[in-house]
Protein chains: 2
Amino acid sequence: MTFDRELLRGSLELMVLGELQSGARYGYQILTSLSSRSCGRVNIKAGTLYPILHKLEQESCVRTWWDEQGGRDRKWYALTEAGEARLRRNATEWFDYAATVQMLLAPLLDSLSIARPVVADSGQPPARLPQVDAQALRPPNSRDF
Amino acid sequence: MTFDRELLRGSLELMVLGELQSGARYGYQILTSLSSRSCGRVNIKAGTLYPILHKLEQESCVRTWWDEQGGRDRKWYALTEAGEARLRRNATEWFDYAATVQMLLAPLLDSLSIARPVVADSGQPPARLPQVDAQALRPPNSRDF
DNA sequence: CAACTATATATAGCACGGCAATATATTCGG
DNA sequence: CCGAATATATTGCCGTGCTATATATAGTTG
């Protein structure tokens, strides 16, 4: 709790794709499901969700259909294969990002008293390398921020 | 590597504050130091850094002075107490954010084969709660995304 | 039964953050 | 001597997420 909305920028599409991974959902259900599963921390607004879903649909990452039960119609969304690939890629990206930030913040955990360092490094690379010039050490295909 | 720039949004101020925690730095030094310490992954551009520094200065989170050695003058930045407090708060926020996202992504690690789940949960709360209505369970002072 | 809240989807416009581009000036290496 | 690296700064653009608004139905409460 108590964190800036700006942090979530760039990971919202990943959150939405993640909700769909366990099966088809309709829009409003994604809102409540995300809020519930995050213990009320991630409360995406409708005006944020629907544009994301429409973009995913346009890019064929989800297939959709209407459940017209008379009255409050629901639009259902399910991952396509392209959507699953996108989810995998986005998730991998996020873990790379989180590991990098965590590595940079690691020295702080000792000197400052951070209340809840709930995320810990698993011991895998990227390793906590010293101040070497890393530009030259990087694999050629890696993309920057 | 290979991750979207949008992910870094909202955590850049934290990165900059983090660089200053180990001592005073001048602007250009922050660029190279961040790039180096992140193994070339976080390459903030000058057009991004200086506005952040100016904002921090304006908010009295850093104190500054010029090193006028004739010619290429350097502007040095050092954390104030307010800056340290800001750093602590931002870092705590980030760990909350990362723990939350990680909790939401946890089911994926089993079903999809994510290449490098380098960030692992430390076992601390927030716990992997089931689909309860969490809205009611939250402490009153917590802020949402 | 009326009013309000929750369910359900959609879109236009705004705010803000980070980047590209540009400007200026000095120092170092080839 | 000229280009690259060092060093700081600003303007304008673009993408993302939110606010506000619109529409419609179902349930709940006074």
Side-chain angles (χ1 to χ4, degrees), chain A residues 3-17 24-36 42-59 62 64-77 90 97 101 133 135-136 143-145, chain B residues 3-17 24-36 41-59 62 64-77 90 97 133 135-136 143-145:
Chain A
F3 50 99
D4 195 334
R5 277 179 167 82
E6 291 296 324
L7 276 176
L8 212 49
R9 283 188 85 115
S11 37
L12 282 184
E13 182 185 284
L14 170 59
M15 301 291 91
V16 172
L17 288 170
R25 297 277 162 92
Y26 60 93
Y28 193 85
Q29 192 181 18
I30 295 175
L31 293 179
T32 55
S33 173
L34 250 183
S35 176
S36 169
V42 181
N43 299 311
I44 297 184
K45 303 303 180 297
T48 302
L49 175 66
Y50 291 113
I52 292 177
L53 287 172
H54 297 158
K55 183 173 157 255
L56 288 173
E57 184 178 9
Q58 198 186 336
E59 295 167 342
V62 292
T64 68
W65 64 94
W66 283 91
D67 176 17
E68 314 195 9
Q69 37 180 22
R72 278 187 304 198
D73 297 343
R74 292 169 172 171
K75 191 175 182 182
W76 289 79
Y77 296 84
N90 285 9
Y97 154 76
V101 173
D133 183 333
Q135 226 73 340
R143 206 171 70 208
D144 299 329
F145 282 91
Chain B
F3 49 100
D4 195 333
R5 276 178 167 82
E6 291 297 325
L7 275 177
L8 212 48
R9 284 188 84 114
S11 35
L12 282 184
E13 182 186 284
L14 170 60
M15 301 291 92
V16 172
L17 289 170
R25 299 274 161 92
Y26 60 91
Y28 193 83
Q29 191 182 18
I30 296 175
L31 293 178
T32 55
S33 172
L34 251 183
S35 176
S36 169
R41 289 188 184 85
V42 180
N43 300 311
I44 297 184
K45 303 305 181 295
T48 301
L49 175 67
Y50 292 112
I52 291 177
L53 288 173
H54 298 159
K55 184 172 156 253
L56 288 173
E57 184 179 10
Q58 199 187 337
E59 295 166 342
V62 292
T64 69
W65 64 94
W66 283 91
D67 176 17
E68 314 196 8
Q69 38 180 21
R72 276 187 306 199
D73 297 342
R74 292 169 172 171
K75 190 174 183 183
W76 288 80
Y77 296 84
N90 284 11
Y97 154 76
D133 183 333
Q135 226 73 341
R143 206 170 71 208
D144 300 329
F145 283 94

- request: Report the nucleotide, chosen from C/dT27, D/dA9, C/dA10, that has the shortest atom-to-atom distance to any side-chain atom of B/W66.
  value: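 Looking only at side-chain atoms, B/W66 lies closest to D/dA9.
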message: Starting the side chain at C-beta, find the nucleotide from D/dA9, D/dC18, C/dA8 nearest to A/R72.
response: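 Closest nucleotide to the A/R72 side chain: C/dA8.
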For atom [atom1] of [X] and atom [atom2] of [N], their distance in whole Å:
X: B/Y50; N: C/dG17; atom1: OH; atom2: P; value: 20 Å
X: B/E6; N: D/dC13; atom1: CD; atom2: P; value: 18 Å
X: A/Y28; N: C/dT7; atom1: OH; atom2: P; value: 4 Å
X: A/L7; N: C/dG18; atom1: CG; atom2: P; value: 10 Å
X: B/K45; N: D/dT8; atom1: NZ; atom2: P; value: 17 Å
X: A/D73; N: D/dT23; atom1: CG; atom2: C1'; value: 12 Å
X: B/I52; N: C/dG17; atom1: CD1; atom2: P; value: 9 Å
X: A/L31; N: D/dC18; atom1: CG; atom2: C1'; value: 13 Å

message: Does B/K75 form a side chain to side chain contact (heavy atoms under 4.5 Å, CB included) with B/E57? I'd like the steps, not just the answer.
response: CA-CA 12 Å; B/K75 190 174 183 183; B/E57 184 179 10; 3.2 Å; yes
message: Heavy-atom nearest nucleotide on DNA chain D for B/G47 versus B/Y26: which residue maps closer to 5'?
response: B/Y26
- prompt: Does B/P51 or A/E13 map to a spot on DNA chain D nearer the 5' end, using the closest nucleotide for each?
  reply: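 On the 5' side of the pair lies B/P51.
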- prompt: Which part of the nucleic acid, if any, lies within reach of A/R74 when heavy atoms closer than 4.0 Å are counted: base, sugar-phosphate only, or nothing?
  reply: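 Sugar-phosphate, no base atom in range.
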- prompt: Using a cut-off of 4.0 Å on non-hydrogen atoms, how would the nucleic acid contact of B/G27 be classed: base, sugar-phosphate, or nothing?
  reply: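 Sugar-phosphate, backbone atoms only, no base.
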task: Mind checking the CZ-CG spacing from A/R25 to A/L31? Nearest 0.5 Å is all I need.
output: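 It is 12.0 Å, given to the nearest 0.5 Å.
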message: Base of C/dG17, side chain of B/R9 - is there a donor-acceptor contact under 3.5 Å?
response: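 Checked by distance alone, the answer is yes.
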message: Is there a side-chain contact between A/I52 and A/I44 in this structure, where contact means two heavy atoms from C-beta onward sitting under 4.5 Å apart?
response: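 Side chain of A/I52 against side chain of A/I44, heavy atoms only: no contact under 4.5 Å found.
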- prompt: Between A/K55 and D/dG15, does any side-chain N or O lie under 4.0 Å from OP1 or OP2?
  reply: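 A/K55 to D/dG15 OP1/OP2: no side-chain N or O under 4.0 Å.
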query: Are OP1 or OP2 of C/dT11 and a side-chain N or O of A/H54 less than 4.0 angstrom apart?
result: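 Looking at the OP1 and OP2 atoms of C/dT11, one of them is under 4.0 Å from a side-chain N or O of A/H54.
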- request: Name the residue closer to the 5' end of DNA chain C, choosing between A/Q29 and B/G10 according to the nucleotide with the nearest heavy atom.
  value: A/Q29
task: If the plane angle is over 60° it's perpendicular, under 30° parallel, otherwise tilted; pick one for B/W76 and B/Y26.
output: perpendicular
- prompt: Do the side-chain N and O atoms of A/S11 and B/Y97 include a donor-acceptor pair separated by under 3.5 angstrom?
  reply: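 Looking only at side-chain atoms, B/Y97 and A/S11 do form a donor-acceptor pair, the distance falling under 3.5 Å.
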